[in-house]
Amino acid sequence: MGGVEEAIVRAAQFFSNDAAVVCLTGAGVSAESGVPTFRDAQTGLWSRFDAEELATPQGFERDPGLVWRWYMWRLEQVGAAAPNPGHRALAELARLCEAFLLVTQNVDDLHEQAGSADVLHLHGSLFNFRCAACAAPHHLTVEERGADSPPACGLCGDLVRPDVVWFGESLPWDAVEEAAAAAHGCDVMLVVGTSGLVYPASQLPLVARQGGAMVIDVNPEPGPISSIADIFLLGKSGEVLPALARAVRELRAEL
Ligand code: OAD
């Protein structure tokens with residue numbers, strides 16, 4: 001890891017016992033679990049599939065079966081994935097800090113599987129479903145998972161859809177409000193595996209910076225977040241985050 005080792009030790013010093021930490025994660029944190037990101041050139045979902053067709057309310061209206069089958073494929077893929085050392089290191093960092101809020105743009109459940117509690121999901125969850133019209137929650141049966149088209153809502157009969165945020169839709173307001181308030185008041189904003197291109201999650205590191213926080217970015221590629229970060233930890237989260245958690249532990253042991 002070379003010069004990154006030194007930067008990790010520098011970053012670890014900001015994770016004091018009483019520091020208020022907010023961590024924002026994106027698809028990159030799950031990449032090493034085999035879950036594809038969205039914008040990576042070869043493997044990214046939006047490099048291989050049309051977001052307009054698959055992740056907009058208009059796309060769902062035009063061809064609900066196509067959207068359903070695509071989300072069932074993703075559900076299967078994510079359901080078979082296991083948390084990686086990056087997810088586990090974030091759960092450990094949370095245990096080492098008094099105030100640690102994990103905010104994710106991911107629709108998988110790998111943070112929870114790794115032991116993180118109270119994760120704020122800004123873009124919903126692949127495991128939740130609701131009626132497209134009346135928003136009533138829907139519990140999927142095994143048959144519905146294998147079906148070619150979405151089931152009907154038990155209450156109003158309209159189509160059931162994945163409870164994820166599509167392009168052009170609003171995020172869950174309470175989650176955004178909680179994340180923004182925490183970002184504004186935090187001491188450390190740890191950003192992991194996001195391209196920082198999707199609003200409003202992309203604003204959280206800026207809000208934190210304006211509030212006086214130290215911004216630390218973990219990513220194998222430089223991008224808009226690394227350019228505003230105080231410390232850029234260049235590398236994969238599955239390697240950098242365990243090293244960061246270890247450095248925090250070692251600093252605590254010295255005290
Ligand atoms: P992107 O695909 O835009 O970005 C993934 C980021 O992860 C890139 O910056 C990669 O360099 C980085 N990355 C790749 N491998 C990594 C690794 N092993 N460790 C750490 N980082 C790695 O994904 P997001 O930023 O999450 O929204 O995208 C934001 C939103 O756009 C998603 O939540 C999704 C998408 O459209 C919705 O579906 C609403």
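In this chain, residues are counted from 1 in sequence order. In listed order, ligands and their atoms are each counted from 1.
- A donor-acceptor pair shorter than 3.5 Å can be found between the side chains of Asp40 and Thr37.
- Exactly one of Leu93, Val119, Leu102 qualifies for a side chain to side chain contact (heavy atoms under 4.5 Å, CB included) with Cys23. That residue is Leu102.
- Across every non-hydrogen atom of Leu54 and Val67, the tightest pair is O-CG1, 3.8 Å.
- With hydrogens left out, the protein atom closest to atom 17 (C) of ligand 1 is Gly28 O, 3.3 Å, a heavy atom.
- Atoms of ligand 1 found under 4.0 Å from any heavy atom of Gln105, numbered from 1 in the order shown, are 29 (C), 33 (O).
- Counting only non-hydrogen atoms, the option in Leu171, Val29, Asp40 that gets closest to atom 14 (C) of ligand 1 is Asp40.
- Of the possible donor and acceptor atoms, none in the side chain of Thr194 sits under 3.5 Å from a partner among the backbone N and O of Thr25.
- Taking a 4.0 Å cut-off on heavy atoms, Asn219 registers as neighbouring ligand 1.
- Contact atoms of ligand 1 toward Thr194: 6 (C), 9 (O), 24 (P), 25 (O) (distance under 4.0 Å to a heavy atom of the residue).
- Protein heavy atom nearest atom 27 (O) of ligand 1, with residue, atom name and distance: His123 ND1, 3.4 Å.
- With hydrophobic clusters built from ILVMFWY side chains whose heavy atoms lie under 4.5 angstrom apart, Ile225 does not share a cluster with Leu244.
- Among protein heavy atoms, atom 36 (O) of ligand 1 sits closest to Trp46 NE1, 2.9 Å.
- Considering only non-hydrogen protein atoms, atom 38 (O) of ligand 1 sits nearest to Val165 O, 4.0 Å.
- At a 4.0 Å heavy-atom cut-off, ligand 1 touches Lys236 through backbone and side chain alike.
- When hydrogens are left out, the protein atom nearest atom 19 (N) of ligand 1 is Ser237 N, 2.9 Å; that is the closest non-hydrogen contact.
- In terms of protein heavy-atom proximity, atom 32 (C) of ligand 1 is nearest to Phe38 CE1, 3.5 Å.
- The residue among Ala201, Ala27, Gly44 with a heavy atom at the shortest distance from atom 23 (O) of ligand 1 is Ala27.
- Side-chain N/O atoms of His111 and Ser30 include no donor and acceptor closer than 3.5 Å.
- Contact annotation: for Val198 versus ligand 1, heavy atoms closer than 4.0 Å belong to the side chain alone.
- Every atom of ligand 1 with a heavy atom of Gly26 under 4.0 Å away is listed here by number and element: 26 (O).
- The heavy atom nearest to atom 22 (C) of ligand 1, considering only Ala31, Pro220, Gly223, is found in Pro220.
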Test side-chain contact (heavy atoms from CB on, under 4.5 Å) applied to Arg69 and Asp148, step by step: CA-CA 6 Å; Arg69 289 189 298 277; Asp148 277 344; 3.6 Å; yes
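- Under a 4.0 angstrom heavy-atom cut-off, Trp166 registers as lying outside contact with ligand 1.
- Of all non-hydrogen atoms in Asp158 and Cys131, the two that sit nearest each other are CB-SG, 3.8 Å.
- Considering backbone and side-chain N/O atoms, Glu32 comes within less than 3.5 Å of an N/O atom of ligand 1.
- Connection of Phe15 to Val191 is not established within any shared hydrophobic cluster, with ILVMFWY side chains joined at heavy-atom distances below 4.5 Å, either directly or through further cluster members.
- Look at Arg252 and Glu92 and you find no salt bridge, because none of the NZ, NE, NH1 or NH2 atoms lies under 4.0 Å from a carboxylate O.
- Listed by number with element, the atoms of ligand 1 under 4.0 Å from a non-hydrogen atom of Glu221 are 11 (O).
- Each of the following atoms of ligand 1 lies closer than 4.0 Å to a heavy atom of Gly193: 5 (C), 6 (C), 7 (O), 20 (C), 21 (N).
- Between Pro83 and the choices Val29, Leu90, Leu110, Asp109, the side chain to side chain contact (heavy atoms under 4.5 Å, CB included) rule is met once, by Leu110.
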